[in-house]
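A quick note: this is a predicted structure, and the numbers were derived from the prediction, not measured. Values below: all heavy atoms of this structure, side chains included; hydrogens, waters and symmetry mates excluded.
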Amino acid sequence: MRPCFAFSAKTASKPTVLAIDDEIGFWGTQAKDFRDQLANVAGDIDVELNTPGGDVFAGLGIFNMLRAHAAKGFQVTTRVMGVAASIGSVLLLAGDKREMPKNTMAMTHNVASGIWGTADELRDHADTMDKVKGQLRGIYVDRLGVDEATADAMLGKDNWMTADEALATGFATDLLAEVQMQAKFDVERASMPENVAKLFAAKVDEPEPEPELSPADKDALTTPVAEAIVALATAGGLEAHAPFLALSCTSVDEAKTRIATAREITALCKVGNLEAKAARFIRDNKSVADVRAALIEDLADTDTQVDNAPATPKTGTTNGGPAKPAVVNTNTLWASHNAQSKKGR
C-alpha cells in the first residue's frame with residue numbers, strides 16, 4: 001500500500017509532525033497505521049491535514065487518539081495545509097491549537113452513506129446515521145463551545161469555509177500566512193465544488209519550481225570532484241599529494257578532512273627532521289596522534305647513547321677491564337728490608 005501519511009521525528013527546533021495527505025480510511029490513512037506512529041511520540045505533536053475526508057469511524061478513532069495524547073499533558077496542534085473536509089474537519093478540532101493558512105479551506109456536511117437492502121434495513125441504517133450525527137454534534141458542542149442547534153446547522157448542509165470563516169466559527173484558532181496548496185490525494189474522488197476542485201487541480205498540474213542555487217552551489221555542480229580536490233590540495237601546499245588525494249577521496253568534504261590531517265602530519269615531520277616519512281604517513285591515512293607517537297619513537301631510537309656508570313680506577317686495569325691485584329715478589333721485598341736495616345746501623 002502506498003504511504004498515506006508522513007512521520008517526521010522531533011528535532012531540537014521542531015516538534016514531531018504527522019502529516020495526513022489522503023483520504024481517511026478506505027484506501028487512504030488507516031487508524032491502525034496512525035496509532036502505530038503516534039505510539040512513538042512522547043511529547044508535543046503537530047498534525048498537518050490535507051484530506052477530503054473519508055470513513056467517519058476511522059476519523060473518530062484518530063480524533064480520540066489525539067485527544068488521549070493531549071490528555072497526557074502534551075500539546076496537540078492541528079494545521080490545515082490545503083483542505084480539511086468532511087471527517088477531516090473533525091480531525092482539525094482534535095487540536096487545542098488549530099492553525100489555517102489564509103488560502104486553505106475547511107468543510108463540514110451532514111453524515112452521508114451508501115447502502116442497499118430492504119426498507120426495514122434502510123430505516124435501521126438511517127437511525128444509525130442519526131446516532132453518528134449525534135456523535136459529531138457532541139464534538140462540535142464540546143470543541144467549538146456552540147449549542148446543539150448551531151451544531152446541527154453546521155451539519156445540515158455542505159459548508160465550505162475559508163480560513164477567515166473558520167476562525168469566526170471556532171474551527172481555527174490561528175491564521176497563518178498563505179502557503180502553496182498541494183493536493184496529494186486524487187482530486188477526482190473528492191466531493192468538492194467545481195471552483196474548489198479546479199483550484200487544487202491547478203496546483204497538481206503546476207511543476208515544482210527549481211530551487212535557486214547560490215554561486216558556490218553552482219560551482220560545486222559544474223566542477224568535477226577530482227578537480228576540486230586537486231585545487232584544494234594545491235592551495236593547502238600539498239601539490240605533491242594532490243593526485244593521490246583526488247583518487248582516494250570520494251567527496252570534497254572527505255578531501256577537506258584528509259588535507260587538514262596531511263598538513264598537520266607534514267608540519268610534525270618537519271619539526272622532527274623526518275620529512276621523508278610524511279608521504280608514507282599520508283598515503284597510509286594515519287591519524288595525527290599515530291604519527292606523533294611514531295615520530296617520538298623514531299627520535300628516541302636515533303639519540304646518542306650515554307654511559308652514566310661511574311668510571312673504573314685505572315690502576316691495575318687491562319683494556320678498560322676490571323682492576324687486577326698487583327703481583328707481589330717476596331725476594332724483592334726481603335732485599336728492600338735488609339737494605340733498610342743496614343742503613344739504620
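Counting non-hydrogen atoms of neighbouring residues, nucleotides and ligands closer than 6.0 angstrom, the NZ atom of Lys133 exceeds 12 such neighbours. Counting non-hydrogen atoms of other residues, nucleotides and ligands closer than 6.0 Å to CD of Gln75 gives a total above 12.
No side-chain donor-acceptor contact under 3.5 Å links Asp290 to the backbone of Lys286. Using a distance-only test at 3.5 Å, with no hydrogens or angles considered, a donor-acceptor pair links the side chain of His69 to the main chain of Gly43. At distances below 3.5 Å, not a single donor-acceptor pair connects side-chain atoms of Thr173 with backbone N or O atoms of Lys97. For the pair Glu121 (side chain) and Gly117 (backbone), a donor-acceptor distance under 3.5 Å is absent. In this structure, the side chain of Ser86 does not engage the main chain of Gly88 through any donor-acceptor pair within 3.5 Å. A donor-acceptor distance shorter than 3.5 angstrom exists from the side chain of Thr104 to the backbone of Pro101, with no hydrogens or angles considered. Formation of a donor-acceptor pair under 3.5 Å by the Thr51 side chain with backbone atoms of Asp22 is found in this model. Side-chain atoms of Ser248 come within 3.5 Å of backbone atoms of Phe244 as a donor-acceptor pair (strictly under, hydrogens ignored). In this structure, Arg123 contributes its side chain and Thr118 its backbone to no donor-acceptor pair below 3.5 Å.
For Phe57, there are no ring-ring contact (aromatic ring centres under 6.0 Å, His included) partners two or more places apart in sequence or in a different chain.
Across Ala228 and Val252, no two heavy atoms sit closer than the pair CB-CG2, 3.9 Å. The two residues Ala166 and Met100 have their closest heavy-atom pair at CB-SD, 3.4 Å. Nearest approach of Val41 to Asp44, heavy atoms of both residues: CG1-O, 4.2 Å. Contact between Leu92 and Ala106 at its shortest, heavy atoms only, is CD2-CB, 4.5 Å. Shown here for Ala255 and Cys249, the closest heavy-atom pair between the two residues is CA-SG, 3.7 Å. Nearest heavy atoms, Ile62 versus Ala31: CG1-CA, 4.1 Å.
A salt bridge between Arg137 and Asp147 is absent, with no side-chain N of the basic residue lying under 4.0 Å from a carboxylate O of the acidic one. Using a cutoff of 4.0 Å between basic side-chain nitrogens and carboxylate oxygens, Lys102 and Asp164 are not scored as salt-bridged. A salt bridge links Lys32 with Asp36; the closest basic N to acidic carboxylate O contact falls under 4.0 Å.
Looking at heavy atoms from C-beta onward, Pro52 lies in side-chain contact with Glu23 at the 4.5 angstrom threshold. Leu232 has its side chain within reach of Lys256: a pair of non-hydrogen atoms, C-beta onward, lies under 4.5 Å apart. Two residues are said to be in side-chain contact when any heavy atoms from C-beta on lie closer than 4.5 Å; Phe281 and Ser287 fail this criterion. For the pair Leu91/Thr78, no side-chain contact is recorded, criterion being any heavy-atom separation below 4.5 Å from C-beta on. Considering only heavy atoms from C-beta on, Val56 stays 4.5 Å or farther from Val111 through its side chain. Side chains of Phe63 and Ile139 form a contact here, defined as non-hydrogen atoms less than 4.5 Å apart. Side chains of Leu38 and Leu18 form a contact here, defined as non-hydrogen atoms less than 4.5 Å apart. Put simply, the side chain of Ile259 reaches to within 4.5 Å of the side chain of Leu245, judged on heavy atoms.
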Stepwise side chain to side chain contact (heavy atoms under 4.5 Å, CB included) test for Thr150 and Val141: CA-CA 9 Å; Thr150 302; Val141 170; over 6 Å; no

Verdict with reasoning, Thr77 to Ile45, per side chain to side chain contact (heavy atoms under 4.5 Å, CB included): CA-CA 6 Å; Thr77 299; Ile45 184 172; over 6 Å; no

Check against side chain to side chain contact (heavy atoms under 4.5 Å, CB included), Leu66 and Val47: CA-CA 9 Å; Leu66 292 174; Val47 181; 3.8 Å; yes

Stepwise side chain to side chain contact (heavy atoms under 4.5 Å, CB included) test for Arg143 and Asp96: CA-CA 9 Å; Arg143 303 300 293 158; Asp96 293 310; 3.2 Å; yes

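With Thr261 as the partner, the side chain to side chain contact (heavy atoms under 4.5 Å, CB included) test is satisfied by one option alone out of Asn285, Val288, Val291: Val288.
Between atom CZ of residue Arg67 and atom CG of residue Asp142 there is a gap of 8.0 Å, rounded to the nearest 0.5 Å. To the nearest 0.5 angstrom, Glu165 atom CD is 7.5 Å from Asn159 atom CG. Atom CG in Leu93 sits 10.0 Å away from atom OG1 in Thr108 (nearest 0.5 Å). From Glu48, atom CD reaches atom CD of Glu99 across 9.0 Å, with rounding to the nearest 0.5 Å. Atom CG of Asp21 and atom CG of Asn50 lie 5.5 Å apart (nearest 0.5 Å). One finds the CG atom of Asn110 at 12.5 Å from the NZ atom of Lys157 (value rounded to the nearest 0.5 Å).
In the hydrophobic clustering of ILVMFWY residues, with side-chain heavy atoms under 4.5 Å counting as a link, Val225 and Val230 come out apart. Grouping the Ile, Leu, Val, Met, Phe, Trp and Tyr side chains by contacts below 4.5 angstrom, directly or via other members, places Ile115 apart from Val132. Under the 4.5 Å side-chain heavy-atom criterion for Ile, Leu, Val, Met, Phe, Trp and Tyr, Phe74 and Met65 are members of distinct hydrophobic clusters. Under the 4.5 Å side-chain heavy-atom criterion for grouping Ile, Leu, Val, Met, Phe, Trp and Tyr, Leu176 is not connected to Val83 through any hydrophobic cluster.
Taking the centre and axis of the six-membered ring of Phe171, the NZ or CZ atom of Arg98 falls outside the cone set by 45° and 6.0 Å.
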Let me check something: any side-chain donor-acceptor pairs from residues 265-280 under 3.5 Å, sequence neighbours excluded? List them with distances.
unit_1 : atom_1 : unit_2 : atom_2 : d
Thr266 : OG1    : Ala262 : O      : 2.8
Lys277 : NZ     : Asp298 : OD2    : 3.4
Arg280 : NH1    : Asp284 : OD1    : 3.4

